[in-house]
Amino acid sequence: MPKLLEIFLISFKLGCTSFGGPTAHLGFFQIEYVQKRKWLSDKEYSNLVALSQFLPGPASSQVGMGIGLLRGGLLGSLASFLGFTLPSVLLLTLFAYFFSHIKMDMGWIHGLKLVAVAIVAQAIWDMSKKLIPSIAHLIIAILALITLQFWGNPFAQVIVIVLAALIGARLFKQTNGLEDTAQKNLPISKTTGGLLLALFVTLMIALPIANSFLKDDLLTIMEKCYLAGALVFGGGHVVLPLLETQFVQSGLMSASDFIAGYGLTQAVPGPLFTFASYIGMVIAGVPGAVVATVAIFLPAFLLIVGAMPFWLTMSRHIALKGAMAGANAAVVGILASAFIHPIVTQTMQSGLDILLAAIFLLLSLRWAVPPYILVLLGILVGLLCY
């Protein structure tokens with residue numbers, strides 16, 4: 001099978017089955033790309049997750065783009081993005097057209113959330129076994145978890161990773177187990193990366209200026225979605241208030257349409273940033289959906305691909321390997337924090353929820369049931385029990 005087609009099909013499968021938000025997506029990715037296909041190691045994967053936490057935009061989509069880049073170059077990054085994003089884009093675009101005629105049973109959605117609990121729990125367990133080799137690493141992870149539980153600032157994740165890296169540089173100077181991700185042949189150069197980062201900044205400045213003169217509907221959608229994707233830290237849920245400000249308070253769409261789309265976005269797999277597809281469809285039809293989708297994900301693509309040549313090269317320096325070990329430990333704590341809230345707190349509402357999530361986790365850990373089978377079981381259980 002051609003490499004690009006393989007990347008697309010695997011990411012498309014993930015896009016069809018990855019429910020539960022960005023933390024759950026990272027769990028699905030870890031199982032598919034690290035455990036099953038071994039396209040990269042746990043440490044390489046954690047390094048990529050850490051980079052995505054530094055950058056604004058949808059973390060899980062950026063990790064997927066980064067994996068695609070390592071596997072198949074720039075085209076591989078695009079193939080990974082298209083595959084993972086396309087299912088939810090198509091669903092939300094159709095929902096934008098038909099949502100007033102659809103009656104949705106929310107039980108099956110709850111079943112999918114219970115599956116997400118099991119998937120994320122397994123991913124955290126698997127990552128912790130390899131990224132928490134000592135008590136010091138464990139303490140960093142626990143401190144990261146506690147900090148994020150009590151500090152909801154959108155920049156908290158970035159600050160936690162920076163502090164963990166500084167601590168790691170001090171404590172783990174002799175770290176030898178951390179793989180040198182820079183030794184992999186990255187298919188783009190620092191020059192290309194620098195140009196992409198420059199384009200990211202240029203568009204941030206140029207789009208508002210151009211829209212102020214041209215006043216075109218599609219350009220307006222592009223400007224607002226690009227800025228939302230470029231400025232939001234903390235994942236998909238954080239972008240929703242900004243989109244509400246950009247599109248509802250400005251009068252481009254009604255509050256009722258926005259709320260309906262928000263509810264529908266929770267029901268589909270893939271990244272929450274595809275809510276922009278719904279917004280674009282409501283405002284300007286199919287062209288609006290296409291422009292909104294491209295615009296909100298473009299900053300993520302420019303940033304992750306542009307930053308990777310510099311990020312990976314850093315791991316060549318022995319003095320920074322300890323810092324990366326500390327950052328990796330913090331990533332485990334960050335994932336655990338997001339697992340507790342919002343995944344567990346918003347999903348586990350009864351004893352039955354706890355029992356079913358435990359069964360799904362047992363199926364995954366004990367019998368290695370594939371995620372897509374768990375998703376189907378979650379839908380069935382949700383329809384029968386809720």
Side-chain angles (χ1 to χ4, degrees), residues 22-23 25-27 29-30 33-34 39-71 73-74 76-77 80-81 84 123 127 130-131 140-141 144 148 154-166 168-169 178-190 192-194 196-197 200-201 229-236 271 273 297-317 320-335 338:
T23 306
H25 301 165
L26 294 176
F29 286 4
Q30 198 266 349
Y33 292 124
V34 179
W39 283 5
L40 65 171
S41 69
D42 276 289
K43 292 184 176 67
E44 291 166 340
Y45 180 72
S46 182
N47 290 345
L48 194 54
V49 172
L51 173 58
S52 73
Q53 304 298 329
F54 275 110
L55 302 174
S60 58
S61 295
Q62 287 174 313
V63 170
M65 293 173 190
I67 293 172
L69 179 71
L70 292 172
R71 184 70 177 173
L74 284 174
S77 182
S80 179
F81 158 71
F84 184 59
M127 292 181 71
K130 297 182 178 180
L131 301 178
I140 291 175
L148 293 177
F155 294 96
Q157 291 183 350
V158 177
I159 296 172
V160 164
I161 289 179
V162 170
L163 291 176
L166 292 175
L178 195 64
E179 294 182 13
D180 189 351
T181 58
Q183 290 178 355
K184 283 184 173 290
N185 292 322
L186 195 65
I188 65 168
S189 65
K190 288 184 179 180
T192 302
L196 292 176
L197 293 176
F200 165 79
V201 176
L231 297 175
V232 170
F233 288 88
F273 270 52
F297 284 100
L298 182 57
F301 174 79
L302 295 175
L303 285 171
I304 193 72
V305 177
M308 279 184 68
F310 304 96
W311 181 261
L312 296 182
T313 299
M314 289 170 59
S315 66
R316 286 197 181 104
H317 301 282
L320 294 176
K321 287 193 175 184
M324 190 60 72
N328 287 338
V331 166
V332 175
I334 289 170
L335 294 179

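Quick caveat: nothing in here was measured; it's all calculated off a predicted structure.
A distance of 5.5 Å separates CG of L40 from CD1 of I67, quoted to the nearest 0.5 Å. The distance from atom CG of L197 to atom CG of L303, rounded to the nearest 0.5 Å, is 6.5 Å.
The shortest side-chain heavy-atom distance between F81 and S61 does not fall under the 4.5 Å cut-off. Counting only heavy atoms from C-beta outward, the side chains of M65 and S80 never approach each other to under 4.5 Å. At least one side-chain heavy atom of Q30 sits less than 4.5 Å from a side-chain heavy atom of D42.
Shortest non-hydrogen contact noted between F273 and G229 is CE2-CA, 3.9 Å. Heavy atoms only, all atoms of each residue included: F84 and P271 are closest at CE2-CD, 3.5 Å. Among all heavy-atom pairs drawn from L148 and A156, the shortest one is CD2-CB, 3.5 Å. Between M308 and G66, the shortest heavy-atom distance links the atoms SD-CA, 3.6 Å. Nearest approach of P309 to S189, heavy atoms of both residues: CG-O, 3.7 Å. Across every non-hydrogen atom of S60 and H25, the tightest pair is OG-ND1, 3.1 Å.
Qualifying side chain to side chain contact (heavy atoms under 4.5 Å, CB included) partners for A330, counting only residues two or more places apart in sequence or in other chains: I140, A144, V160, A164. By the ring-ring contact (aromatic ring centres under 6.0 Å, His included) test, Y33 is found to be paired with F29, W39, residues two or more places apart in sequence or in another chain being considered. Residues satisfying the side-chain hydrogen bond (donor to acceptor under 3.5 Å, both in side chains) criterion with S46, sequence neighbours excluded, are N328. Applying the side-chain hydrogen bond (donor to acceptor under 3.5 Å, both in side chains) rule to T23 yields no partners; only residues at least two apart in sequence or on another chain are considered. In terms of the side chain to side chain contact (heavy atoms under 4.5 Å, CB included) criterion, residue partners of L74 (sequence neighbours excluded) are, by chain and number, L69, I188, F301, V305.
A donor-acceptor pair under 3.5 Å links the side-chain atoms of Y45 to the main chain of L26, judged by distance alone.
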